[in-house]
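Every chain is numbered from 1, with letters handed out A, B, ... down the list of sequences. Basis for what follows: all heavy atoms, side chains included, without hydrogens, waters or symmetry-related copies. Keep in mind that this is a model prediction, so the values were computed, not measured.
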Amino acid sequence: MEQNPTDLPISAKIEAVLFCKAEPMSKKKLSTLLGVDESSLQHGLETLREALSGRGISLVETNEDVMLGTAKELAGLIEQFTKDELSENLGKAGLETLSIVLYQGPISRTDIDHIRGVNSQFILRNLLVRGLVERIENPSDTRSFLYKPSLDLLAHLGISKIEDLPSFAQVRSDIDSFKKGIDNTNEGKNSKN
Amino acid sequence: MEQNPTDLPISAKIEAVLFCKAEPMSKKKLSTLLGVDESSLQHGLETLREALSGRGISLVETNEDVMLGTAKELAGLIEQFTKDELSENLGKAGLETLSIVLYQGPISRTDIDHIRGVNSQFILRNLLVRGLVERIENPSDTRSFLYKPSLDLLAHLGISKIEDLPSFAQVRSDIDSFKKGIDNTNEGKNSKN
Amino acid sequence: MSFTIKTQSFEGPLDLLLDLIEKRKLFISDISLAKVTDDFIMHVKQFEHLPMGESAHFILIASTLLLIKSKSLLPELALSEEEQTDISDLETRLKIFKRIKEASIGIQNLFGKQIIFGRSQSRIISPVFAPSPEFTLEKALFLLTDLINRFPKQETLPKHVVRKVISLEEMISTLTTRITSHLKMSFKEFTKEHKGNRVNVIVSFLAMLELMKKGILEVSQETHFGEIQMETKEVGVPRY
């Protein structure tokens, strides 16, 4: 295949492998399989994303993983024959915790508890079991975990990457400035009055 | 969504349905699902075939049925991918899930998820493909499955009956008492949130 | 004062606090926090029956609010660096929590509305037996033992929370000493009837603060300490 002069571009190869895999795949594995480096892979993913625009399938991606899914506009059509396992109601605590993980992840449980002001052990476990949240080893403390949104969660929200969340950059920068003690939002301006 | 003026074309709808279905589908069924007549469907299929040219997936069509597959130029890559998948290490999550199936099987996915505290959907799939676990219909819920160690795995481990597993009784009772606990308290309480 | 709000409707002390501030249409600041302190503590009173684990988080926040309230009533009260940090930390946490709550509305609106579906797993699997050399019986037992040891335990309250909550009375008594040193008033008299109940100690303390605020005005006129106690008795302890 490698010798074939009419070799298909890397974006087509990515598409074929992800189609076959039928579940999230790590970018690392994908680049090893295709024998390309990370930046070529990312470039291939961008090309594929463009090629898929207006089509029936789309790309969903986190920093680490990538998968193919149906176009979000066609959710109603697909729901006619597929059952959706994740849509069980989140509840207030679940929604709050999920939002923290989405906008602040990867984040430790201690930090989640600190933001919520309560113990999040069981609600996090519930989200993990449902596959909405994933945990990874904490690079700065191997005895603990960091929590991050799963690809399935992004797919369930109908967004293809985390930056597509409503006001993603704004929320993050607001929270950063709260942490630094700088308050550029209305909150700060008005409270001085 | 159906009223949306920027509704995706029928070819995109066909693509999404076939992608998601992951198996051959009769054209008749497809046209019913999409609410179009046979000739519109055939026209949509032609458009899709053109759109897929040069991409990683392609349309496979008989007189009655239609399905999506990978581009034939990429057969070598896909073969390599499948081989890699099988020879890959199971990883901690895979080993943990397999251990649970070994000691607790036949066991449902929900129970595995709750014992592990994370979602095991994709891992179980991998264990099935590798012939390490088998699934049987759940006698108490025909829509779901129970997972148990395969005979090949038991033979590979040199186990003639499950009771010969090291510390079998102790491990089972520890896990069972935890399961009882979550059924009665924590999980129940949190799922209401 | 409304007591109709069910405790279950708040996910935690910050949720309650934010709700109290927003109900009064205030912005998050030390001033607004001082204003809602009494309301907050009235709500916490209802949680007295909750297990230590759940009420501790509320008591912890209550103690910080107490500092804020004390400072607002008695501006001359000097706070330690740690106390200052606790106060600004609470404001920061509330602001972050509020931002997250706002963002969570957007998440709720998206969740499950336009799902991107993955491919269904085909029902037919033709397995190829591919064991992994790492998987041995010893490994299986090791992993399961590890898993069993990591099973979540009920209500594990972090040590620092327990320590802080237990030292709450100490904090109040120190505060009392600091505030009353020149007033010669015994806080013990105020709280002896509520012995052992943290929330009531806080309530009494707040009441005393209010009275003292009035008392201080008197003091500045007459500088006769004995009469303050007479004055406060006439005013009476506010009934909460």
Side-chain angles (χ1 to χ4, degrees), chain A residues 19 22-24 58 60 67-76 78-79 82 84 86-87 90 92-93 95-96 98-100 102-104 110 113-119 121-122 125 152 154-160 165-167 171 174-175 178-179 181 183 185-188 190-193, chain C residues 8-18 26-33 53-54 56-58 60-61 88-122 151-158 161:
Chain A
F19 175 84
E23 58 188 65
S58 67
V60 188
M67 71 175 238
L68 281 178
T70 55
K72 68 169 179 183
E73 294 86 350
L74 299 176
I78 306 300
E79 264 161 15
T82 309
D84 151 40
L86 290 173
S87 274
L90 283 174
K92 204 171 156 183
L95 184 64
E96 232 173 70
L98 213 51
S99 305
I100 294 172
L102 279 165
Y103 285 92
Q104 293 286 284
T110 315
D113 288 353
H114 193 66
I115 293 178
R116 296 189 59 225
V118 281
N119 188 318
Q121 183 183 13
F122 289 107
R125 196 178 157 92
D152 269 350
L154 298 191
H156 214 73
L157 294 168
I159 60 169
S160 83
L165 278 177
S167 313
V171 172
D174 282 353
I175 291 178
F178 294 152
K179 282 182 189 160
D183 190 344
T185 62
N186 282 335
E187 196 63 55
N190 284 287
S191 67
K192 287 195 200 93
N193 294 338
Chain C
Q8 287 91 336
S9 59
F10 294 106
E11 288 302 338
L14 295 182
D15 198 23
L16 170 59
L17 196 49
L18 189 62
L26 299 171
F27 292 96
I28 297 165
S29 70
D30 49 353
I31 300 156
S32 62
L33 286 172
E54 291 181 41
H57 296 284
F58 285 90
L60 207 55
I61 299 294
S88 65
D89 193 46
L90 179 59
E91 277 180 49
T92 305
R93 288 170 69 190
L94 261 186
K95 283 176 185 170
I96 294 175
F97 183 69
K98 180 174 185 231
R99 197 70 183 92
I100 288 291
K101 277 200 88 160
E102 288 161 359
S104 76
I105 295 165
I107 300 303
Q108 184 162 41
N109 290 340
L110 288 178
F111 190 77
K113 296 287 154 51
Q114 285 201 315
I115 303 172
I116 296 173
F117 286 94
R119 269 185 98 198
S120 329
Q121 302 288 1
S122 79
F151 280 156
K153 319 271 184 299
Q154 276 268 55
E155 289 303 335
T156 45
L157 199 61
V161 174

Working to the nearest 0.5 angstrom, can you tell me the gap between [X] [atom1] and [Y] [atom2]?
X	Y	atom1	atom2	value
Gln114(C)	Thr70(A)	CD	OG1	10.0 Å
Leu157(A)	Leu102(A)	CG	CG	6.0 Å
Leu90(C)	Lys95(C)	CG	NZ	11.0 Å

When only pairs under 4.5 Å are counted, which of [options] shares the most heavy-atom pairs with chain C?
options	value
Glu23(A), His114(A), Arg116(A), Gln104(A)	His114(A)
Ser58(A), Pro24(A), Ser167(A), Gly158(A)	Gly158(A)
Thr110(A), Ile175(A), Ile159(A), Leu98(A)	Ile175(A)
Ala71(A), Gly69(A), Pro166(A), Ala155(A)	Ala155(A)

Worksheet entry | Residue selection (most heavy-atom pairs with chain A, distance under 4.5 Å) from Leu94(C), Asp30(C), Ile96(C) |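 Looking at each of Leu94(C), Asp30(C), Ile96(C) in turn, Ile96(C) comes out on top.
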Worksheet entry | Atom group of Asp89(C) that falls short of 4.5 Å from chain A, counting heavy atoms |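 Answer is side chain: those atoms of Asp89(C) sit under 4.5 Å from chain A.
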Is [X] close to chain C through its backbone or its side chain, or both, or neither, when contacts mean heavy atoms under 4.5 Å?
X	result
Leu68(A)	backbone
Glu79(A)	both
Val60(A)	side chain

Which atoms form the tightest heavy-atom contact between [X] and [Y], and what is the distance?
X	Y	answer
Glu91(C)	Ile28(C)	O-CG2, 4.0 Å
Arg93(C)	Gly117(A)	NH2-CA, 3.5 Å
Lys101(C)	Glu96(A)	CE-OE2, 4.3 Å

Worksheet entry | Note: Lys98(C)-Glu102(C) ion pair, threshold 4.0 Å (strictly below) | yes
